[in-house]
Undergrad: 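Structure in structure tokens, see below.
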Amino acid sequence: MSCDTAVIVNVQAGAGMTRWKLAHLMRQLNRILSVPKSCVWLTRETGESSATSLASFAQSRGAKAVIVFGGDGTVHQAVNGLKLPDPSISVGIVPCGTANVVASCLGMPRNVKAALEVIRAGMTRKIDLGILEGDGLPRYAVSTLSVGLDAMINELAHRVKPLFRKYHLPSILGYIPPLLRYTLNEVPLYDVAVKKDGLVFCERISFLAVTNTPWYGGGLVDRTAKLDDGLFNMICARKIRSRDLPWWMFQMWQGNHIYYPKVFLPCSSFSGLSISSDFPLPAQIDGQILPARKNIAISVVPRLLQVFAPLPQPERTKHSGWGCFFDMSRFR
């Protein structure tokens, strides 16, 4: 069966899709977009029902729109199921996850009905993607890639999130145990060589993150960053003592890290970057865990993905991603 509009729903996003939320979602889809139930697919972690497989299936069946109900991780999986570039297909995001950074930067409303109305209006724009090299098939980064402490916290959070989802608690709480662990124990350091647009520098770091957005899950990176400027932005932290970790995380959350050059390298943008180390580096991409590796390279492909978004774009300068989870008005 062909579906002009395919809908991929991550039932585990945020605090999990309850039966009431799912029934409400189906009514909204039918009323606003006229999407039949046969074109609404629920995801599983792996296999034919993963967001990656479902997006690939939708594209092969000629879908013109792939609508994703979920967070940044679900968006990452769906985009990586598509063969790009493909100007005939557009991706729509209805934010239901923990951070929803990409949706927030696109100006997508937090309310389900309002987000679907934007998609029905058919307004689109093209955004950049990063391509992770040396990982077999091309792997796209929609929002962020990081190594070191940030990736380790993300990995530990993934382990405890299912417990919070089981009781329909905010997934954001899953980050508290990892933060406590590294506040009470030594923060690991990594000696790395970074090549950025041909320039090489060596540093001992706690973590390094590159983003396609002004902010990511860990905080504000660069207020001037844009999704369609052909560049990614980098933030890098030198040695962070464990007892100071909460303080520095708070400063980064507020965007104040730029005032501490002894701890954080100055923010910078790039179109190509590689990281190498003598020891395997823990890594994550759009919140998805990557196998530890000694060498990581990412390059930016301008305006590769077409997405639904309201026009004109609103100005967004503050991190508001996680707050959207707690705004229950999006289910009205």
Undergrad: Starting at CG of Leu208, measure out to CD1 of Ile275 and round the result to the nearest 0.5 Å.
TA: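 These two atoms lie 4.5 Å from each other.
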Undergrad: Just by distance, do the side chain of Asp150 and the backbone of Phe207 share a donor-acceptor pair under 3.5 Å?
TA: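 Side chain of Asp150 to backbone of Phe207: no pair is present.
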Undergrad: Identify the heavy atoms of Gly81 and Gln59 that sit nearest to each other, and give their distance.
TA: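 Smallest interatomic distance, heavy atoms only, reads O-OE1, 4.2 Å.
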Undergrad: For Ala114, is there any backbone N or O sitting under 3.5 Å from a side-chain donor or acceptor partner on Asn111?
TA: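 A pair under 3.5 Å: yes.
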Undergrad: Could you tell me which non-hydrogen atom of Ile235 sits nearest to which non-hydrogen atom of Leu220, and how far apart they are?
TA: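 Looking at all heavy atoms of both residues, the closest pair is CD1-O, 4.4 Å.
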Undergrad: Using a cut-off of 6.0 Å, state whether more than 12 heavy atoms not belonging to Arg31 lie near its atom CZ.
TA: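 Atom CZ in Arg31 is packed in, count exceeds 12.
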Undergrad: Around Lys196, counting heavy atoms of other residues, nucleotides and ligands shown, do more than 12 lie under 6.0 Å from its NZ?
TA: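 Yes, the 6.0 Å shell around NZ holds more than 12 heavy atoms from other groups.
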Undergrad: Quick one: CG on Leu129 to CZ on Arg303, what's the gap to the nearest 0.5 Å?
TA: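 Rounded to the nearest 0.5 Å, the CG-CZ separation comes out at 12.0 Å.
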Undergrad: Could you walk me through whether Val94 and Met108 pass the side-chain contact (heavy atoms from CB on, under 4.5 Å) test, one step at a time?
TA: CA-CA 7 Å; Val94 181; Met108 290 299 292; 5.7 Å; no
Undergrad: Looking only at heavy atoms, which two atoms of Ala292 and Pro280 are closest? And how far apart?
TA: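 Minimum heavy-atom separation between Ala292 and Pro280: CB-CB, 3.8 Å.
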Undergrad: Counting N and O atoms only, with roles assigned by atom type, does the side chain of Asn10 sit under 3.5 Å from a partner on the main chain of Phe69, one being a donor and the other an acceptor?
TA: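 Checking the backbone N and O of Phe69 against the side chain of Asn10, no donor-acceptor pair under 3.5 Å is found.
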Undergrad: Out of the candidates Asn212, Asn233, Ile258, Val210, only one should pair with Val221 under the side-chain contact (heavy atoms from CB on, under 4.5 Å) rule; please name it.
TA: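 Per the side-chain contact (heavy atoms from CB on, under 4.5 Å) rule, the option paired with Val221 is Asn233, out of Asn212, Asn233, Ile258, Val210.
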Undergrad: Is there a side-chain contact (heavy atoms from CB on, under 4.5 Å) between Leu82 and Asp86? Walk through the geometry before answering.
TA: CA-CA 8 Å; Leu82 301 176; Asp86 185 351; over 6 Å; no
Undergrad: Taking NZ, NE, NH1 and NH2 as the nitrogens, is one of them in Lys64 or Asp4 under 4.0 Å from a carboxylate oxygen of the other?
TA: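 Here Lys64 does not pair with Asp4 in a salt bridge, since their nearest N and O are not under 4.0 Å apart.
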Undergrad: Identify the heavy atoms of Gly148 and Tyr190 that sit nearest to each other, and give their distance.
TA: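 Nearest pair, atom of Gly148 first, then Tyr190: CA-CE1, 3.6 Å.
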Undergrad: Measure across Gly230 and Ser271 and return the closest heavy-atom pair with its distance rounded to 0.1 Å.
TA: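 Looking at all heavy atoms of both residues, the closest pair is O-CB, 4.2 Å.
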Undergrad: Show your working on side-chain contact (heavy atoms from CB on, under 4.5 Å) between Ile89 and Gln306 and close with a plain yes or no.
TA: CA-CA 7 Å; Ile89 194 168; Gln306 185 164 275; over 6 Å; no
Undergrad: Does the side chain to side chain donor-acceptor pair (under 3.5 Å) test come out yes or no for Ser146 and Gln284, once each step is laid out?
TA: CA-CA 6 Å; Ser146 65; Gln284 66 86 22; 2.7 Å; yes
Undergrad: Determine yes or no for a side-chain-to-main-chain donor-acceptor pair under 3.5 angstrom, with Ser50 supplying the side chain and Ser53 the backbone.
TA: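 Yes; judged by distance alone, with no hydrogens or angles, the pair exists.
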Undergrad: Take Asn80 and Arg139 through the side-chain contact (heavy atoms from CB on, under 4.5 Å) test and state the conclusion after the steps.
TA: CA-CA 6 Å; Asn80 277 275; Arg139 184 155 187 177; 3.6 Å; yes
Undergrad: Is atom OH of Tyr260 surrounded by more than 12 heavy atoms (other residues, nucleotides or ligands) closer than 6.0 Å?
TA: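 Correct, the count exceeds 12.
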Undergrad: Answer yes when Glu117 and Lys113 have at least one side-chain N-carboxylate O distance shorter than 4.0 Å, and no when they do not.
TA: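 Salt bridge flag = no for Lys113 with Glu117.
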Undergrad: Return yes when atom CG of Asp278 has more than 12 non-hydrogen atoms of other residues, nucleotides or ligands closer than 6.0 Å, and no otherwise.
TA: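 Result for CG/Asp278: open.
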Undergrad: What distance do Asp128 atom CG and Asp229 atom CG have between them, rounded to the nearest 0.5 Å?
TA: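 If we round to the nearest 0.5 Å, Asp128:CG and Asp229:CG are 6.0 Å apart.
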Undergrad: Look up atom CG in Leu227 and atom OG1 in Thr213, then write down how far apart they are to the nearest 0.5 Å.
TA: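 One gets 6.5 Å once the value is rounded to the nearest 0.5 Å.
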Undergrad: Search all heavy atoms of Thr124 against all heavy atoms of Ser90 and return the closest pair with its distance.
TA: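 Smallest heavy-atom distance, with atoms named: CG2-OG, 3.8 Å.
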Undergrad: For the backbone of Arg241 and the side chain of Asp244, can you confirm whether one donor and one acceptor N or O come within less than 3.5 Å of each other?
TA: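 Here the side-chain-to-backbone pair does not exist.
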Undergrad: So, are Asp228 and Lys126 salt-bridged, with charged N and O less than 4.0 Å apart?
TA: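 Salt bridge between Asp228 and Lys126, a charged N being under 4.0 Å from a carboxylate O: no.
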Undergrad: Is there a side-chain contact between Trp253 and Met249, using heavy atoms and a 4.5 Å cut-off?
TA: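 No. Closest side-chain heavy atoms not under 4.5 Å.
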